[in-house]
2 protein chains.
Amino acid sequence: MEDRFFKNIPHRTIERLSQYRRALQIYSDKGKTSIFSHQIAALLHITAVQVRRDLMLIGYSGSLRKGYDINDLITLIGELIDSPDGQKVAIFGMGDLGRAIINYFRGKREKLKIVAGFDTNPEKANHEVAGIHCYPLEKTAEIIGKEGIKIGILTVPGDQADETVRIMVEAGIKGVLNYTPTPVEVPDDVYLEEYNMISSIEKVAFYVKERQ
Amino acid sequence: MEDRFFKNIPHRTIERLSQYRRALQIYSDKGKTSIFSHQIAALLHITAVQVRRDLMLIGYSGSLRKGYDINDLITLIGELIDSPDGQKVAIFGMGDLGRAIINYFRGKREKLKIVAGFDTNPEKANHEVAGIHCYPLEKTAEIIGKEGIKIGILTVPGDQADETVRIMVEAGIKGVLNYTPTPVEVPDDVYLEEYNMISSIEKVAFYVKERQ
DNA sequence: TTTGCACTGTTAAATGAATAACAAAATGGA
DNA sequence: TCCATTTTGTTATTCATTTAACAGTGCAAA
Ligand SMILES: NC(=O)c1ccc[n+]([C@@H]2O[C@H](COP(=O)([O-])OP(=O)(O)OC[C@H]3O[C@@H](n4cnc5c(N)ncnc54)[C@H](O)[C@@H]3O)[C@@H](O)[C@H]2O)c1
Ligand SMILES: NC(=O)c1ccc[n+]([C@@H]2O[C@H](COP(=O)([O-])OP(=O)(O)OC[C@H]3O[C@@H](n4cnc5c(N)ncnc54)[C@H](O)[C@@H]3O)[C@@H](O)[C@H]2O)c1
């Protein structure tokens, strides 16, 4: 019932909720306790109407004169998008990007923790890399199963992406974030998000060119 | 006239064109010379209709029995999204992420080159970092102007993002790709793209949770 | 030939998302 | 006390994008 309710929140709204939380956190750190829709909007370069509409969809009400209570809203967004017991994340490929992500992620989100890494390089496997234990790829099924890890970030070389994601899925990973430039295949019950940095830069380059 | 024509190609199509090119390159490397719409579609997890529609919009025709000529299509996409003379890119913040991007980007795209880096850290400024010359931030206006750099990638610490982007824009940058978790402000004539890695992971985590 | 098949290319319809429009409520000041 | 102002919450409308429908075409096999 409640699940149903959450299910038909637009994908774009889900993305924005995560961004609202981040922006709200910054405001909160400055000592603010409440915020207006147009202030949130200005931070994210969207309209105030859109902010109000999103908050309406998640059933949050602000007060007419003070706007939205920052801490309440952060809590509510957390209840909606976080898992109550937290979720564990593993990194596949402990190279430059993998390490950068681990360092960046550390301590950022309480409910979402990187707990293991996997690499084929024998110099990395069975050692700590950036403070995370790195396992050899063969141990994937064992560790993923034992730890109950459901989310994997893929940062292996492009030509290893297909094979690695196959191993991940077989081991029980249900959500893959692929930073490789190689598009990969997953079964229907696995959620896949691909991010291609080159495309982002090319898009910026295209619109810069077009505007001149 | 021709510009007009390109202008009303949907933003999402522009994003996909860049991805088509990448996927086509992989196919081409395998020795293939032609490809069907449904094959391109399978690679990118979209429908064949959408591929055909996109290609229609850019005015490319395939042959009925062989599909699309891979090299022709790569060339055409290049003519559309690349600048004929190439575009130069600068990185602001030569830390873990900045270096990873430089290494990753090297030699990937002929028409899009990272040619300079900027950092406030005196140990980095005036040295080579990952094979790119790193300038102190004060030199931004001079170098950006002299080199004619129009695109900047922002990888400084979050609390430096606002100030750094101000300096970039003042120096003449017309397209910003912001990898900082801090949303930034740019004037109307500057194209801004923001990517927030935490939001991507949170989105994956959300949909994994919801499906259980 | 002719028929069936596997494609492409294009127009039409449906879906999804953002924006606009506006009613309702609380506050502070006239 | 009442009015103007400011902001929320919600429905209606517009806009963008995807998906569906289908006509057209060339090839291969009968
Ligand atoms: N560095 C960047 O900024 C950047 C940006 C976007 C995308 N990418 C992509 O991310 C991926 C990683 O980039 P990187 O710069 O970290 O490369 P890297 O070479 O530094 O790291 C790759 C790591 O994966 C390990 N590895 C190789 N095969 C493996 C396998 N089958 N299973 C597990 N681990 C394996 C290697 O030992 C190495 O540690 C690449 O696909 C790259 O194209 C990188
Ligand atoms: N590392 C990641 O995987 C990752 C992922 C997503 C986002 N980010 C974000 O990217 C940014 C950089 O991350 P990082 O891991 O490379 O951090 P880092 O600390 O390794 O690098 C930051 C670099 O910026 C330089 N710097 C500081 N102030 C500057 C200024 N005003 N102008 C120019 N240079 C300046 C520093 O000297 C340092 O070299 C951060 O905002 C981080 O949140 C990082």
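Quick note on labels: first sequence line is chain A, next is B, and so on, each numbered from 1.
For T33(B), the side chain to side chain contact (heavy atoms under 4.5 Å, CB included) criterion is met by no residue, not counting sequence neighbours. For I102(B), the side chain to side chain contact (heavy atoms under 4.5 Å, CB included) criterion is met by I91(B), M94(B), R106(B), I114(B), A130(B), I132(B), not counting sequence neighbours. Every side chain to side chain contact (heavy atoms under 4.5 Å, CB included) that A48(A) has, sequence neighbours left out, goes to S37(A), H38(A), A41(A), R52(A). By the salt bridge (Lys or Arg N to Asp or Glu O under 4.0 Å) test, E185(A) is found to be paired with no residue, residues two or more places apart in sequence or in another chain being considered.
For R12(B) and dA17(C), the shortest distance from a side-chain N or O to OP1 or OP2 is not below 4.0 Å.
Taking atom CG on N8(A) and atom P on dA17(C), their separation rounds to 11 Å, with Å as the unit. The CD1 atom of I46(A) sits 9 Å away from the P atom of dT19(C) (whole-angstrom rounding). For the pair L57(B) CG and dT18(D) P, the interatomic distance rounds to 11 Å; values are reported in whole Å. Distance CG (L44(B)) to C1' (dT18(D)): 15 Å, rounded to an integer number of Å. Here the P atom of nucleotide dA12(D) and the CD atom of Q50(A) are 19 Å apart, to the nearest Å. Going from atom CG of L73(A) over to atom C1' of dT8(D) covers 14 Å, rounded to whole Å. Atom pair I14(A):CD1 and dA17(C):C1' shows a separation of 14 Å (rounding to whole Å applied). Atoms CD (E15(B)) and C1' (dT18(D)) sit 14 Å apart, rounded to a whole Å.
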Worksheet, complete the sentence: In B/S/- notation (B base, S sugar-phosphate only, - none; protein heavy atoms under 4.0 Å), nucleotides 1-11 of chain C written 5' to 3' is ----B-BBBBB
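For an aromatic pair to be called close, the ring centres must be under 6.0 Å apart, and Y195(A) with Y195(B) satisfies this.
For residues 149-177 of chain A, the set of pairs meeting the side chain to side chain donor-acceptor pair (under 3.5 Å) definition, not counting sequence neighbours, comprises E163(A)-R166(A), R166(A)-E170(A), K174(A)-D189(A).
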